[in-house]
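Every chain is numbered from 1 and lettered A, B, ... according to where its sequence line falls, protein lines coming before strand lines.
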2 protein chains.
Amino acid sequence: MYTEAVPAPEAPPGDGVRRAGDPEAATATSRRDRVYALLREEVLSGRIAPRVRLGEVRLAELFGVSRTPVREALARLHSDGLVERRENGFYATVPNLAELRDLYELRVTLELRGISRAMEDPSVRHDPGVLRAELERWEKLRADVPGPDPSFVLLDEEFHAAVSRASGNRALTDSLVSVNRRIRRVRMYDFLTADRITSTVTEHIGITEHLLAGELDSAYRAMHEHVGASMEVVLERARRALTQMALHSDAL
Amino acid sequence: MYTEAVPAPEAPPGDGVRRAGDPEAATATSRRDRVYALLREEVLSGRIAPRVRLGEVRLAELFGVSRTPVREALARLHSDGLVERRENGFYATVPNLAELRDLYELRVTLELRGISRAMEDPSVRHDPGVLRAELERWEKLRADVPGPDPSFVLLDEEFHAAVSRASGNRALTDSLVSVNRRIRRVRMYDFLTADRITSTVTEHIGITEHLLAGELDSAYRAMHEHVGASMEVVLERARRALTQMALHSDAL
DNA sequence: GGCACCGCCTCTGTATACATCGGTGTGTCC
DNA sequence: GGACACACCGATGTATACAGAGGCGGTGCC
């Protein structure tokens, strides 16, 4: 599925963008929204290398629409911080190591706040319905642990979004979701090994159980460790990837 | 035409949107960016009531451009969370009381993290240059305290952005700036009284001095109280405003 | 007199035409 | 042989033309 997603420095000779016909391509919505969704997936999944220029005409032909919806999609992605303007056009944004650290720290801040707000304000209660649904999902996964797969990051994002949502602050959750999207590309590397998958599943269950039991302190610590461990792995891999790139970079 | 578009509670009888020719209207950039900036100001300042429909053609005529730049500006504002899609078009987003509380909590979280990150990681040091510049600004203001003025909120936002920036996490700062923008419209009400202006000036100076002195604990507490006090005032005023509106709302 | 249906009119969604700007390549002149 | 200038090409920025949808009002029928 994501076979070439992990870039050698850049994309294969092809057009670098997946054709239409994929799952989320359901044309129920306007072309603007469809192009936005598709293009966002392309960028987030890493299928578009940051050195690939996102030319309007090319994308328009690729998606089979005119430039108008493409332009609006790019404008929105720009506001989302997922593409950036450089010299003459738009390019996929890929955080460097320092930015990655910053984003991860922001992520931790938001994740932990989702728990600590219930510690400070006793009237705040994590939504047990949401939590129980998550618990069920992850216990199923524990019974049948999936193999290493970068797309596991999507399940992971959903878990963290759900926990945040259960805490009841919509703005907090939206912000977290946005941040997690921006680091998805790199966070995918966190799930290339079986043991990382396994510990993720275990830790998710632990956090959820603590929250359901009202053991906020434990939940907080567990979440802290959980995200911290992830950060360690991801940053280390990113560091190595950058080194590799530096070594192999042909002239740039 | 849109005669009844501007609702009773606010805005002068005019068209509801300021004409071009204002400060930031300098046409150095593209029309897309100009329209985006102008429209954003209109929305953030509260000059556009949430019940005013942001029709493309009307805005295009108003700004003297075609619909194309307007559409892109709206798309960006939508991603920024500053306008929202309702029924048939875009409308200015105005947080309700619950959302406001959520946003304020997010703000507090981000503000405090800007300080606590230096407490946890001794290698993090608040940029003294930035802080000293702020200190100077605010000491000048203390020597000559301005009168009550909603636009004081802009100075306030700049201060908090600067403190966050001094802490060195760009993602954190960007997020904070975005959140503060979204609550600007309501936060303006925080600066309608002389004593709120005065205490704001005093507290800003206090926070900055603590940070410069490396008294992170005190700075943290001061910031906590400072933003907490602001929240109290703003939420209370918002509550009253909503009540007023409910009372005066003609049928709706 | 009221309700239902039909048609207009204006809105957004999309495509395309036009303008402008920057880059690149080539040709010529020094 | 090198450097500069001009022209072409393709890109984005902008405007406008066209299509479909939805609301509103008018009119006719019950």
- prompt: Can a donor-acceptor pair be found between the side chains of B:S79 and A:S79 at a distance below 3.5 Å?
  reply: no

message: So that I can tick it off, tell me whether A:E157 and A:R181 are bridged by a salt bridge, with the cut-off set at under 4.0 angstrom between side-chain N and carboxylate O.
response: no

message: Tell me the bend of the helix from C:dG1-D:dC30 to C:dC30-D:dG1 as the angle between end helix axes, each from five pairs, rounded to the nearest 10 degrees.
response: 10°

message: If the threshold is 4.0 Å, N to carboxylate O, is there a salt bridge linking A:E158 and A:R137?
response: yes

- line: Protein heavy-atom contacts under 4.0 Å, written 5' to 3' over nucleotides 12-19 of chain C as B (base), S (sugar-phosphate only) or - (none), form the string BBBBBB--

query: Do B:H160 and B:R107 have a side chain donor and acceptor closer than 3.5 Å?
result: yes

- prompt: Any idea how B:F159 and B:H204 line up, ring-wise: parallel (<30°), tilted (30 to 60°), or perpendicular (>60°)?
  reply: parallel

- request: Could you tell me which residues satisfy side chain to side chain contact (heavy atoms under 4.5 Å, CB included) with A:V65, sequence neighbours excluded, listed by chain and number?
  value: A:R31, A:R34, A:V35, A:F63, A:P69, A:V70

task: Find the distance A:R86:CZ to D:dT12:P and express it as a whole number of Å.
output: 14 Å

Check against side chain to side chain donor-acceptor pair (under 3.5 Å), B:D149 and B:S151: CA-CA 5 Å; B:D149 177 3; B:S151 73; 2.8 Å; yes

Presence of salt bridge, B:R58 and B:E61, under 4.0 angstrom: no

